[in-house]
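Heads up, the thing below is written out as structure tokens.
This one's a predicted model, so the numbers in the text were calculated from it and none came from an experiment.
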Amino acid sequence: MAHFAGHVHVVTTAGRAGRRGVTAIAACSVSDDPATVLVCLNRGSVANDLFRDNGAFAVNTLASGLQPVAEAFSGVTSLGPDERFDVGHWTTLSTGAPVLQDALVSFDCRLVDAIDHATHRVLFGRVVAVSMADRGEPLLYFNRRYRTL
């Protein structure tokens, strides 16, 4: 699976269950009417239950200069779950899920379905708000390395 190239995203949530963010490449558009995205999160981490329990999440698509944000949320640094949000500039849109102000695009979503499959949980979210940057190049991940165009 390391040879499955993908755009780097930081997926976030906040609410009564708590705040959490993770780096992921397994995210994509599902439908444009209604606007729906999906993201796949590892079920091996109990902390990822917060996404389901909060009922909302944001998919923040990273630009090439945001590798430090990707690394902070990937768990390879010594930063704790709350300290990760000290990296980057964060705001909220509609659901309260943290949105990265410097992201190429952020999709703020209400959870509409969650399906467990093998090692992962697939979250489907209806997009309720969007924030877009004026421009930028994507941050990619392939063969266990970050890459840019």
Please check: side-chain N/O of [X] versus main-chain N/O of [Y], any donor-acceptor pairing under 3.5 Å?
{"X": "T12", "Y": "P98", "answer": "yes"}
{"X": "D108", "Y": "T95", "answer": "yes"}
{"X": "H7", "Y": "L62", "answer": "yes"}
{"X": "D53", "Y": "A17", "answer": "no"}
{"X": "T13", "Y": "A97", "answer": "no"}
{"X": "D113", "Y": "F124", "answer": "no"}

Reported CG-to-CZ distance for the pair D82 and R20, which is rounded to 0.5 angstrom: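 Separation between the atoms: 11.0 Å.
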
Atom CZ of R126 with >12 non-hydrogen neighbours under 6.0 angstrom: no

Joint cluster assignment, V127 & M132, ILVMFWY side-chain distance < 4.5 Å: yes

Listed partners of D116 passing salt bridge (Lys or Arg N to Asp or Glu O under 4.0 Å), at least two apart: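 Per chain and number, D116 pairs via salt bridge (Lys or Arg N to Asp or Glu O under 4.0 Å) with R43, R121.
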
Student check: side-chain heavy atoms of L100 and L66 closer than 4.5 Å: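 L100 reaches L66 side chain to side chain.
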
Between F107 and F57, ring centroids under 6.0 Å: no

